Amino acid sequence: MKRRLLLVLSLGVLLPTLTVLVVAGFGIFQHEWAMEKVARSYVEDLAQNMAYKLDQESPAWRRMFPYSMNLHGWGMSSLASSVPGWVAIVNSEGQLIYASSGAENLASIWTPDIPIGKAIEIRDEKGAKYTIAVIPTSENQYFVVAAVEWEQLLGPMVRFNHLWFILVLIMVLSSLVALIPLFKWVIVPLRSLVNEIGYLKWGKDKPEKDDPRAVSEIRSLRSVLYDLSRAAIERDQLRDSYVNDIVKIQEEEKARIARDIHDGPLQAVTAFIQQIRLFKITSARGKSNSGDHLHLAEEAANATVRELRELCDDLSPPWLELGLANALTEVSERLSRHLGIRVTVDVPEDIALPEEYILSFFRVFQEAVNNSFRHGVADSVSGKVYREGEYVVFQIQDNGKGFEPSPDFQKLRVEGHRGLANMKERLGLLNGDLAIESSPGEGAILTCRLPFVNIENK
Amino acid sequence: MGVTVLLADDHPLTRAGLKAYLETEDTIELVGEASDGDMAWDLIRKLEPQVALLDIRMPGKDGVTVARMIKESTLPVAAIMLTSYDAQQYVLASLRAGARGFILKTATPEELSRAILTVAKGGLYLDSEVAQAVGEKEFLPEAISVREREVLLLAARGFSSKEVAGQLYISERTVQTHLASIYDKLGARNKTESLLLGLKYGVVTLEELIE
């Protein structure tokens with residue numbers, strides 16, 4: 001199941017918020033309605049009470065009219081002052097007959113559409129809320145107007161109600177506002193990161209390094225992914241350069257073998273065919289030198305065999321299986337013969353190494369002697385093998401012109417000087433190492449070091 | 001007095017064999033031997049042999065380069081390429097460089113002397129082994145049209161179908177139709193073959209090719 005963070009968070013925040021909003025809203029309105037009911041019944045009671053009293057006292061009251069001051073005698077004033085709100089009596093013509101204290105602002109809130117016999121709420125021009133009721137006397141001669149200001153009657157409750165409403169509103173708004181950064185700093189950056197990673201060609205592309213919009217956790221996630229993808233690119237490039245190298249070496253090797261076959265056995269066999277044909281021609285013509293051609297043909301055939309054998313030896317020397325000492329001695333003698341320089345090697349008979357070690361030393365020796373001859377113009381190369389603790393060491397020293405060894409084998413490789421890099425990598429495959437000591441005019445010393453493995457333990 | 005010949009081959013055994021071949025022929029006179037391209041070029045200028053037998057692969061200048069230098073110097077020397085490679089592209093490259101003949105080192109003495117005598121007379125000689133792909137049996141090709149000839153020559157100079165189309169103001173498709181028709185008429189399977197066959201049957205001349 002997909003876990004939609006935004007949805008869950010939004011619902012988690014919004015649902016309670018909305019519930020609170022609804023419940024609180026309902027409560028506030030209920031409260032408001034209850035307060036309204038209280039105020040209405042209060043003013044209606046007040047007015048009705050007064051109207052009843054007026055009816056009871058009607059004759060005397062009428063007699064007294066219009067001396068409203070005497071109304072106090074009926075206890076009006078005590079009523080009016082002992083309870084919140086105020087009352088007024090108007091006649092059917094709308095003339096104010098009596099007003100309790102505080103009823104002065106009747107005119108300011110009076111509107112013609114106030115119904116008779118039923119309390120309603122009105123506001124004065126300052127916005128203060130009143131509940132007002134108009135109750136007629138039994139003969140409809142007079143109307144008792146009773147009103148109360150909410151602030152006066154229900155002050156703290158009204159304030160509480162308003163405050164409560166504002167608090168709820170603030171809560172709702174702040175939770176909505178909190179969702180915005182959640183969306184902008186978390187959801188959007190996460191989505192864009194997911195999108196980028198989704199379309200990323202691993203080993204080729206990398207994501208943006210930083211996203212300033214995002215929260216720090218996402219930024220560090222992004223930076224980790226960036227580092228990973230960069231490492232992947234570097235690894236791929238390295239692999240590509242190695243594959244390139246391998247392909248190049250393979251092609252070079254094939255080209256070299258083809259060239260060797262072309263220049264060697266192919267020419268020799270051609271010469272062989274030519275001499276056979278010449279023998280046929282000369283012997284048919286009865287010439288005395290026809291035997292020479294047979295002799296030359298034999299020579300050409302011998303040359304072919306010799307060249308093919310050299311080619312085989314070079315491709316995969318069969319005498320490697322004779323052990324380290326024999327193999328290195330053989331190659332030193334061959335190189336010496338082939339290059340016309342002095343090549344010696346000193347190997348203790350008691351060092352027996354696995355075949356891949358022998359092959360490794362053999363190739364390194366071959367390469368080193370060739371380098372000494374070609375680049376160092378050395379006329380003497382000597383090698384020696386010895387044990388040194390856990391290692392078996394093969395040291396090759398020449399009397400050539402020396403060189404400034406570069407510590408960066410990778411650079412050498414890139415520049416096309418693969419010989420030393422190849423030697424080092426070859427030894428590296430067997431957990432070995434190669435050290436070079438040389439300086440111009442001083443010759444060169446190569447030291448190969450391989451962890452010693454006794455052949456019996458292999 | 002026989003046809004004067006210079007032999008350039010870096011391999012001493014094959015050179016000795018070829019030399020012995022040439023010595024069996026009275027009509028051919030070997031005037032010089034070279035073991036590399038530079039030496040061959042020096043001897044060609046000094047001796048001006050009628051025919052130069054040039055190994056394609058030699059130290060110094062290779063045979064094709066020497067042939068091109070002969071062509072450019074307008075020396076009256078006919079070059080025959082001598083090689084162990086039988087790739088048809090080598091043949092074309094040699095002919096474009098101005099060689100008049102192409103022969104494998106394994107050719108018989110008869111073939112070698114025929115090649116030398118042919119080019120000495122101004123002819124063109126292609127080794128029968130290379131020309132095997134180019135139809136061994138006697139075969140009289142159907143005449144190709146003027147337009148087809150133009151297409152063949154341009155294609156022979158190494159232009160692509162698109163470039164040929166551009167030069168002749170025809171569509172690439174038409175060029176391909178012409179080429180297909182040329183292949184049909186000459187019995188060739190590809191451009192190189194049709195060209196070699198064209199040369200062989202005299203449909204196109206070497207001069208036109210190296211123009």
Side-chain angles (χ1 to χ4, degrees), chain A residues 251-312 314 337-340 370 373-374, chain B residues 5 7-28 30 33-37 53-64 80-87 89-90 102-116 127-130:
Chain A
E251 288 304 324
E252 279 173 10
E253 273 300 290
K254 282 184 190 169
R256 192 182 61 80
I257 294 164
R259 207 164 51 230
D260 285 353
I261 294 172
H262 174 273
D263 292 350
L266 191 55
Q267 302 300 322
V269 172
T270 304
F272 176 74
I273 294 170
Q274 288 168 341
Q275 295 302 333
I276 295 292
R277 282 187 186 140
L278 285 164
F279 168 72
K280 273 157 63 183
I281 294 169
T282 48
S283 61
R285 291 181 187 172
K287 298 226 170 145
S288 58
N289 66 344
S290 59
D292 293 351
H293 292 303
L294 265 191
H295 178 70
L296 286 170
E298 190 186 3
E299 219 171 72
N302 272 327
T304 313
V305 171
R306 205 168 48 237
E307 275 157 1
L308 284 173
R309 199 186 284 134
E310 255 173 46
L311 206 59
C312 288
D314 183 42
R337 242 189 347 257
H338 184 64
L339 302 173
N370 273 307
F373 175 72
R374 271 186 294 149
Chain B
V5 173
L7 173 61
D9 185 348
D10 63 321
H11 202 278
L13 281 178
T14 47
R15 195 170 69 240
L18 290 165
K19 183 182 168 188
Y21 276 12
L22 299 176
E23 281 167 351
T24 62
E25 286 292 332
D26 301 332
T27 48
I28 293 167
L30 184 64
E33 285 178 67
S35 58
D36 64 59
L53 280 172
L54 303 170
D55 189 4
I56 287 188
R57 255 186 58 88
M58 278 188 293
K61 296 181 184 69
D62 65 60
V64 177
I80 296 177
M81 306 316 297
L82 193 64
T83 180
S84 303
Y85 301 115
D86 60 354
Q89 294 309 318
Y90 259 125
F102 191 96
I103 192 159
L104 292 179
K105 284 190 184 174
T106 46
T108 61
E110 296 78 33
E111 283 175 312
L112 185 62
S113 51
R114 201 183 318 136
I116 291 169
D127 189 283
S128 64
E129 227 175 297
V130 178

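All values derive from a computational prediction rather than experimental measurement.
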All heavy atoms of Gly17(B) vs all of Leu278(A), minimum pair found to be O-CD1, 3.6 Å
Ala300(A) and Leu13(B) have their tightest heavy-atom pair at CA-CD1, 4.2 Å
If one checks every heavy atom of Ala297(A) against chain B at 4.5 Å, the contacting part turns out to be neither
What's the separation between atom [atom1] in [X] and atom [atom2] in [Y], rounded to the nearest 0.5 Å?
X	Y	atom1	atom2	answer
Ile273(A)	Thr14(B)	CD1	OG1	11.5 Å
Asp9(B)	Gln267(A)	CG	CD	6.0 Å
Glu25(B)	Ile281(A)	CD	CD1	8.0 Å

So salt bridge (charged side-chain N to carboxylate O under 4.0 Å, His left out) across residues 268-282 of chain A, not counting sequence neighbours, yields none
*Could you walk me through whether Thr270(A) and His11(B) pass the side chain to side chain contact (heavy atoms under 4.5 Å, CB included) test, one step at a time?*
CA-CA 10 Å; Thr270(A) 304; His11(B) 202 278; over 6 Å; no
### Polar side-chain atom of Arg57(B) near backbone of His262(A) as donor-acceptor pair, under 3.5 Å
no
